[in-house]
Amino acid sequence: MRAWRVHENGEPREAMRLDEVERPAPGPGQVLLKVRAANINFPDALLCRGHYQVRPPLPFTPGVEMCGEVVEAGEGVTGLAPGARVMAQPALPGGAFAEYAVADAAAVAPAPEALDDAEAAALHIGYQTGWFGLHRRARLQPGETLLVHAAAGGVGSAAIQLGKAAGATVIGVVGGPEKAKAARDLGADVVVDRRSEDFVSVVKEVTGGRGADVVYDPVGGDAYTGSTKCIAFEGRIVVVGFAGGTIPAPGLNHALVKNYSILGLHWGLYNAKDPAAVRACHEELTRLAAEGVVKPLVSERVPLDGAADAVQRVADGTTTGRVVVVNP
């Protein structure tokens, strides 16, 4: 089979190489999946660079989430018949940017019927992260104001839809007119182009000086710093990641004086610490997808041959919504 592999860490476009490799076999508790679609996440770029918290042995295949078809079940696996359409997180070092991948059966879930393969491939990590961030960590309430950074990106676009589903007023911050249109189409009530507008001033104006009740921040750097200037009394800043490249050093005295909370979110920990909550979240997301409330914004569907270039563009921040690698 064909699989993209990283033999030496570096930028995705240079580090990823399309190889011919043997098709993997499922071990006990695993399933072999034919990859129908593999969503590109920012962590895929970090894996290529060797900057992710998990560093699989070289060579490895990136691709941390997918929609696929069950081909074969390993020893001890029940309830996953060949032909079943599922979502999965492949077991690294054998990721999803390949024609076949192996996943632990415990990390496999039914693909929502309301979504096609590419949309289903993009539902799991981004939307689970958004749901846990907004509901489990920030306890977002109807009528509150939610500020979403990188609102037209993969993680931010999910947060817009989940925020609207929760009854919040959503302010999205983006970079450029094309991304501003995408954020509006996703349902954001107010969109701020950070290249030409000051989001701090807009948030204060929209909220009558109160500020944002919840901030969803996958960017860090200046986005975080600005958020502390427009956070409401008893507001919550959810720290999701640092796509901007700078990890903030929060002033805890400022959090004390303004009475706001800084909440870290590492969604992957829930897989180990509370897998029942992950399953319950998937059921909720499946329901929301069936109702048409959430639907991943898939801006591009690229063939397997184009995966390395697509991962690079996601890393560079030049894409909108989700870019998904599809196999015929």
Side-chain angles (χ1 to χ4, degrees), residues 1-7 12-13 15-41 43-45 47-48 52 54-113 115-126 268 271 282 296 298 300-312 314 322-328:
M1 72 169 192
R2 295 186 303 161
W4 286 95
R5 296 201 297 173
V6 174
H7 295 264
R13 192 176 282 123
M16 292 174 61
R17 192 168 76 199
L18 191 56
D19 294 338
E20 282 285 343
V21 300
E22 288 189 17
R23 195 173 85 171
Q30 294 184 321
V31 289
L32 173 65
L33 304 172
K34 182 182 187 300
V35 180
R36 295 167 67 152
N39 181 49
I40 298 173
N41 287 274
D44 292 314
L47 281 166
C48 290
Y52 197 52
V54 176
R55 298 190 68 173
L58 298 168
F60 68 89
T61 297
V64 295
E65 68 176 337
M66 58 169 281
C67 175
E69 179 181 329
V70 176
V71 176
E72 179 185 351
E75 180 184 345
V77 175
T78 59
L80 288 171
R85 181 172 169 264
V86 298
M87 295 158 45
Q89 292 179 268
L92 295 174
F97 299 148
E99 293 177 320
Y100 293 87
V102 165
D104 294 332
V108 172
E113 294 182 4
L115 304 179
D116 66 22
D117 292 342
E119 292 164 346
L123 182 72
H124 194 59
I125 295 176
N271 283 316
H282 177 70
V298 179
E300 296 181 58
R301 300 162 193 253
V302 301
L304 185 61
D305 290 350
D309 180 71
V311 174
Q312 185 68 58
V314 169
R322 290 298 192 180
V323 180
V324 180
V325 179
V326 294
N327 283 323

Going from CZ on F60 to CG on L92, what distance comes out if it is rounded to the nearest 0.5 angstrom? 7.5 Å

Side chain to side chain contact (heavy atoms under 4.5 Å, CB included) evaluation trace for V64 with L47: CA-CA 10 Å; V64 295; L47 281 166; 3.9 Å; yes

Rounded to the nearest 0.5 Å, how far does CZ of R2 lie from CG of L18? 5.5 Å

Step by step, work out the salt bridge (Lys or Arg N to Asp or Glu O under 4.0 Å) result for R85 and D116. CA-CA 10 Å; R85 181 172 169 264; D116 66 22; 5.8 Å; no

Would one find more than 12 heavy atoms of other residues, nucleotides or ligands at under 6.0 Å from atom CD of E99? yes

Side chains of Y100 and V35: closer than 4.5 Å at any heavy-atom pair? no

Using 4.0 Å as the upper bound for N to carboxylate O, is an ion pair formed by R36 and E69? yes

Can you measure from NZ (K34) to SG (C67) and round to the nearest 0.5 angstrom? 11.0 Å

Minimum-distance pair of heavy atoms, taken over all atoms of V102 and P24: CG2-CB, 3.7 Å

Once you round to the nearest 0.5 Å, how far does CZ of R322 lie from CG of L123? 10.0 Å

To the closest 0.5 Å, what do you measure between CE (M87) and CD (E119)? 12.0 Å

Pairwise side-chain contact, R5 with V21, heavy-atom cut-off 4.5 Å (strictly under): yes

Compare all side-chain heavy atoms of V6 with those of P62 and state whether any distance is below 4.5 angstrom. yes

Could you state the interatomic distance from CH2 (W4) to CG (D44), rounded to the nearest 0.5 Å? 13.0 Å

Decide yes or no on side-chain hydrogen bond (donor to acceptor under 3.5 Å, both in side chains) for H124 and N39, but give the supporting numbers first. CA-CA 10 Å; H124 194 59; N39 181 49; over 6 Å; no

